[in-house]
Amino acid sequence: MKQTLKKTNPGSAVKLNLCEADIQSLRRQLIRWFSAAKRNLPWRQHRDPYAIWLSEVMLQQTQVKTVIPYYNKFLTRFPDIRSLARADIAEVLTLWAGLGYYRRAHQLHAAARDILNHHGGVMPSEFDRLLSLPGFGPYTAGAVASIAFGQRVPAVDGNVLRVMTRLLADGRDIHQPAVQRDLRRTAETWVPPRRTGDFNQALMELGATICTPRNPICTRCPLGSICRARRKGDPAQFPRRTPTVDRRTLYLAAIAVTDGSGKLFMAQRRSPGLWAGLWELPSVTTPGPDAPHVREVIKLAAEHHGIHLTAVRRVTDIVHILTHRHITVWIYQGRAAGSGRKRGRPAPPPTPTDYAATCWTAHPDALPLSVLAEKQLAALRAAEADIPAAGCAGRGQE
DNA sequence: AAATCGTGGAC
DNA sequence: TGTCCAAGATT
């Protein structure tokens with residue numbers, strides 16, 4: 001039996017949902033399909049709630065393929081909540097460097113400490129308690145509660161939102177928080193009393209492998225018989241697309257400052273913010289779109305970093321693209337003419353203002369670096385600039 | 001509610 | 001090549 005609903009119905013009195021019979025069919029078909037089709041992923045070999053939690057955090061807005069190597073390394077180094085909670089945030093960031101969205105690493109660490117200090121080191125199992133931990137939103141709390149503890153709660157991520165809008169032929173904009181909340185309430189009625197974790201994972205797995213954003217493979221979909229978008233003939237029109245926003249451009253002048261003994265001046269970014277806690281060449285924003293003159297760079301270095309430069313030259317420049325930023329970086333090199341510098345000794349790091357900390361180091365690659373910072377060092381070396389050589393401590397060399 | 005927060009895969 | 005967007009959370 002089918003409900004008679006208006007097509008896409010914002011404001012309709014009747015809640016957009018499947019009928020009871022279709023919900024039963026959905027549960028059965030999905031679980032059956034998942035048993036046969038599920039991918040063999042590292043986190044599916046664990047029953048430990050911590051291991052599942054870690055995977056869910058790393059997978060936020062990050063593809064499975066990208067996460068896998070980070071996950072394995074992280075879990076080897078920090079096999080349980082206690083080891084993570086007692087670790088230095090610097091080491092956590094080192095293992096996270098390159099994965100992006102670094103707030104996740106800070107909050108993962110904070111939540112581990114919270115669990116150790118206030119929950120006896122035992123992961124909470126209830127949705128509401130999980131939700132109150134740092135880094136847990138509706139999705140992650142639902143995923144951990146259902147997958148690790150079998151709680152009957154939904155786990156609605158981007159995959160599930162897409163699958164749901166297609167099953168329901170729901171034309172609303174899933175980027176709107178109110179729409180997401182409504183779909184989560186609908187999903188609550190879909191989660192079966194048993195095998196909640198498998199059901200939630202099956203919905204996500206379907207979205208990731210069959211019900212994909214473009215070119216969904218409806219011929220292989222176990223839910224084809226109840227999918228309203230498929231019946232309408234064009235499932236890919238759901239979910240509704242939203243107009244893209246332009247990337248803002250950002251212009252930076254970065255300076256590779258060396259002292260007399262082969263050390264490089266590095267700066268650690270503040271938290272919160274972009275690349276929080278990671279290290280990079282000290283830089284300042286400039287009006288753009290033209291590269292600042294050398295004398296301007298000398299002035300900026302003195303103002304922002306308290307360093308007096310000599311022998312400044314522009315070495316190279318790079319472009320870095322983020323989701324909503326287009327960053328142009330002009331890279332300069334100079335030598336510190338610090339007053340306190342003696343033979344073979346770097347000047348003490350100036351008191352940081354723009355940054356959380358600064359340091360002189362002969363091994364900049366040993367610090368947790370953003371991908372942009374790695375690009376900066378690589379570009380300098382390609383230009384044969386006079387900076388410390390790459391050591392063996394950097395990532396991506398194994 | 002709309003912005004912010006990274007990086008890379010896929011087409 | 002540009003665009004979308006990925007097991008989202010936070011302010």
Side-chain angles (χ1 to χ4, degrees), chain A residues 38-39 41-44 52-71 93 96-108 110-111 130-148 154-163 173-181 184 187 197 200-209 211-215 236 239-248 250 269-278 280 319-327 368-375 395-396:
Chain A
K38 71 174 173 184
R39 293 168 292 176
L41 303 174
W43 38 92
R44 291 189 173 152
I52 293 166
W53 166 34
L54 176 64
S55 74
E56 294 303 341
V57 175
M58 285 190 164
L59 285 164
Q60 288 168 12
Q61 299 290 282
T62 312
Q63 295 189 347
V64 165
K65 182 179 180 181
T66 303
V67 164
I68 288 175
Y70 285 88
Y71 180 78
L93 279 179
W96 206 276
L99 196 53
Y101 285 145
Y102 300 97
R103 182 167 60 183
R104 294 182 295 176
H106 292 274
Q107 291 177 321
L108 183 76
L130 290 167
L131 196 58
S132 69
L133 292 169
F136 280 80
Y139 166 73
T140 305
V144 171
S146 63
I147 298 171
V156 179
D157 71 336
N159 286 310
V160 177
L161 289 174
R162 181 175 58 256
V163 171
D173 180 4
I174 59 171
H175 293 95
Q176 304 238 327
V179 174
Q180 295 187 12
R181 283 195 296 274
R184 276 201 300 274
N200 285 337
Q201 289 186 80
L203 221 37
M204 292 187 272
E205 189 89 346
L206 187 73
T209 62
C211 195
T212 50
R214 286 169 293 205
N215 307 322
R240 199 176 83 188
R241 302 246 187 278
T242 53
T244 59
V245 288
D246 288 342
R247 263 188 275 268
R248 273 193 294 166
L250 188 61
R269 297 189 60 96
R270 289 183 174 284
S271 184
L274 197 58
W275 298 303
L278 274 67
E280 65 183 16
V319 169
H320 193 66
I321 309 291
L322 305 182
T323 301
H324 50 293
R325 292 251 169 101
H326 184 288
I327 307 176
L369 304 176
S370 65
V371 169
L372 173 57
E374 287 204 322
K375 276 192 194 175
R395 70 173 182 278

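A note on names: the letters A, B, ... follow the listed sequences, proteins ahead of strands, and every chain is numbered from 1.
- Residue A:G100 is the one, among A:G100 and A:N215, whose nearest nucleotide of DNA chain B lies closer to the 5' end (criterion: closest heavy atom).
- Distances shown here put a side-chain N or O of A:R241 below 4.0 Å from the OP1 or OP2 atom of C:dC5.
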**Protein-to-nucleotide contact annotation, 5' to 3' order, nucleotides 6-11 of chain C [B base; S sugar-phosphate only; - none; under 4.0 Å, heavy atom]** = BBBBS-
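- Using a 30° and 60° split on the angle between ring planes, A:Y71 and A:W43 fall in the perpendicular class, above 60°.
- The shortest side-chain heavy-atom distance between A:V67 and A:S55 does not fall under the 4.5 Å cut-off.
- Among the nucleotides B:dT7, B:dA1, C:dC4, the one closest to any side-chain atom of A:L322 is B:dT7.
- For A:R247 and C:dC5, the CZ to P distance is 13 Å, given to the nearest whole Å.
- Atom C1' of B:dA3 sits at a distance of 22 Å from the matching atom of C:dA7, rounded to the whole Å.
- The CG-P distance, from A:L250 to B:dA3, rounds to 17 Å in whole Å.
- The distance between atom CG of A:L161 and atom P of C:dC4, rounded to the nearest whole Å, is 18 Å.
- In this view, A:R269 and A:E280 satisfy the side-chain hydrogen bond (donor to acceptor under 3.5 Å, both in side chains) rule, not counting sequence neighbours.
- Spacing between B:dG8 and C:dT1 at atom C1', rounded to whole Å, works out to 15 Å.
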**Request:** Could you go through the side-chain contact (heavy atoms from CB on, under 4.5 Å) check for A:Q60 and A:V57 one step at a time?
**Result:** CA-CA 5 Å; A:Q60 288 168 12; A:V57 175; 4.2 Å; yes
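- Here the C1' atom of nucleotide C:dC4 and the CD1 atom of A:I174 are 12 Å apart, to the nearest Å.
- Put simply, NE2 on A:H324 is 10 Å from P on B:dA3, counting in whole angstrom units.
- Residues passing the side-chain hydrogen bond (donor to acceptor under 3.5 Å, both in side chains) test with A:Q201, sequence neighbours excluded: A:R44.
- An OP1 or OP2 oxygen of B:dT4 is reached within less than 4.0 angstrom by a side-chain nitrogen or oxygen of A:R248.
- Closest approach to the A:T66 side chain among B:dC5, B:dA1, B:dG8 is made by B:dG8 (side chain taken as heavy atoms from C-beta onward).
- Under 3.5 Å, the side chains of A:R104 and A:T140 contain no donor-acceptor pair of N or O atoms.
- When the C1' atom of B:dG6 is taken as reference, atom CG of A:L372 falls 11 Å away, rounded to whole Å.
- Between B:dT7 and A:H320, a contact under 4.0 Å exists linking OP1 or OP2 to a side-chain N or O.
- The phosphate of B:dT7 (OP1 or OP2) has a side-chain N or O of A:W275 nearer than 4.0 angstrom.
- The separation between A:I321 atom CD1 and B:dA10 atom P is 20 Å, rounded to whole Å.
- As rounded to whole Å, 15 Å separates atom P of B:dG9 from atom CZ of A:R214.
- Two residues are said to be in side-chain contact when any heavy atoms from C-beta on lie closer than 4.5 Å; A:M204 and A:V163 fail this criterion.
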